[in-house]
Amino acid sequence: MGDPALARIGFIGLGGMGRGLVKNMLKHGLGVTVHDLDKEAVDRAVDQGAHRAEDLAAMARDVDVLAICITTAEAVRDLALSPGGLLDSMRDGTIFLDHTTVSPQHVDMMRRECATRGIAYAEAPMTRTPAHAERGEVNILFGGESDLLERLRPVFDCYAENVFHVGPAGHAIRLKLIHNYIAFANVASWCEGFALAAREGLDMSKVIGIISAAGGRSGMMDLYGEMTLRRDFTPHMSLANAQKDVRYYAHWLEEAGLPGFMAEAVHQTYALASIMGHAGESCTAVIKAYEQLTGIEARLPDTKA
């Protein structure tokens with residue numbers, strides 16, 4: 001560990017991304033205390049060398065950096081700002097490191113709340129997948145002062161391939177939501193197209209092959225297009241999280257005074273797929289909403305029903 005002042009890390013959230021981050025911090029010799037509602041996830045981290053948080057307030061009081069990587073802004077707020085919550089327990093001069101994809105309003109509020117307590121708030125949403133987190137290859141978007149980034153760099157170096165200092169505080173989450181909206185809008189569009197192609201009896205191997213060789217190709221299609229047509233909906237990025245991120249983006253767009261016709265259409269598409277029962281599957285399970293309407297699944301020819 002390069003900075004002995006950041007020797008004690010608390011980490012809340014051992015889901016798809018968090019478990020890989022913790023594994024790599026332990027691999028690099030950091031002392032990490034962990035908490036998650038999933039006791040088995042905590043047990044696995046403890047087996048790798050982490051300490052179990054018996055009490056969240058005590059953990060918050062004892063660590064130099066308290067990192068959180070959970071699902072929503074609302075969940076972070078409940079843990080951090082409820083009476084006797086995390087911020088009430090943290091010491092002056094420590095860092096609240098937020099890896100959660102939240103909303104711009106949340107980031108601005110958390111920065112103010114931390115400042116009143118002498119705590120540094122670090123917004124650091126991530127891109128890439130749980131597989132990248134497992135390998136220590138996530139991308140971090142950091143918004144804030146350079147001095148704070150340098151304090152955290154020995155931590156980030158444990159699990160990030162790239163750390164992008166995107167601007168002042170508040171800019172990282174704004175860029176992350178724009179990125180995620182574009183990515184999930186792209187998924188929704190090609191899932192709609194795939195479903196229509198299947199409905200019309202097109203050869204799905206030719207559909208994805210031709211689209212991937214032309215202007216319709218995208219990073220998300222490269223990652224998940226063939227998986228979708230092979231009916232693999234493993235939630236590397238869940239539909240519920242996609243719906244949440246697009247919802248934050250659409251609300252932010254409205255507050256900015258800009259029209260959001262496309263954003264609302266994408267948001268409602270994911271909301272419909274969620275209502276139909278696919279929230280826990282991959283974001284690409286949005287295709288199932290169309291398939292349930294047509295009664296036809298989009299599959300590669302060599303994929304058995």
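Any value given below was found using the heavy atoms of this structure, including those in side chains, with hydrogens, waters and symmetry copies removed.
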Polar side chain donor-acceptor pair, T101 to D245, under 3.5 angstrom: no
Residues D108, R174: salt bridge by 4.0 Å N-O rule: yes
E291 with R199: basic N within carboxylate O range, under 4.0 Å: no
W252-Y248 aromatic ring centre distance below 6.0 Å: no
Ring centroid separation Y159 to H99 under 6.0 Å: yes
Working for salt bridge (charged side-chain N to carboxylate O under 4.0 Å, His left out), residues D62 and R8: CA-CA 8 Å; D62 293 341; R8 296 174 297 179; 5.6 Å; no
Distance-only polar pair, side chains of N180 and Y249, donor-acceptor under 3.5 Å: no
Q292 versus H278, side-chain donor and acceptor atoms under 3.5 Å: yes
Sidechain N-carboxylate O distance under 4.0 Å for R231, E297: yes
Heavy-atom pair with the smallest gap, counting every atom of P104 and L177: CD-CD1, 3.5 Å
Contact summary for C69 and F11, nearest pair of heavy atoms: CB-CZ, 3.8 Å
M90 to I95 - nearest heavy-atom pair and separation: CE-O, 3.5 Å
Ring geometry between F184 and Y270 (parallel below 30°, tilted from 30 to 60°, perpendicular above 60°): perpendicular
Stepwise salt bridge (charged side-chain N to carboxylate O under 4.0 Å, His left out) check, K23 with E134: CA-CA 7 Å; K23 186 196 84 167; E134 189 73 14; 3.1 Å; yes
OG-CZ distance between S89 and R117, expressed to the nearest 0.5 angstrom: 10.0 Å
Considering all heavy atoms, the nearest E192-Y290 contact: OE1-OH, 3.1 Å
Close side-chain approach of V138 to E161, heavy-atom, < 4.5 Å: no
Short N-O contact, E281 and K288, less than 4.0 angstrom: yes
Student check: side-chain heavy atoms of V34 and R52 closer than 4.5 Å: no
SB check R91 D64 (cutoff 4.0 Å): yes
Audit row: E145, R151, salt bridge (charged side-chain N to carboxylate O under 4.0 Å, His left out) steps and yes/no: CA-CA 10 Å; E145 297 296 327; R151 288 181 66 192; over 6 Å; no
Pairwise side-chain contact, K27 with N24, heavy-atom cut-off 4.5 Å (strictly under): yes
Side-chain touch I9/V155, heavy atoms, less than 4.5 angstrom: yes
Nearest-0.5 Å distance that lies between atom CD in E74 and atom NE2 in H106: 9.0 Å
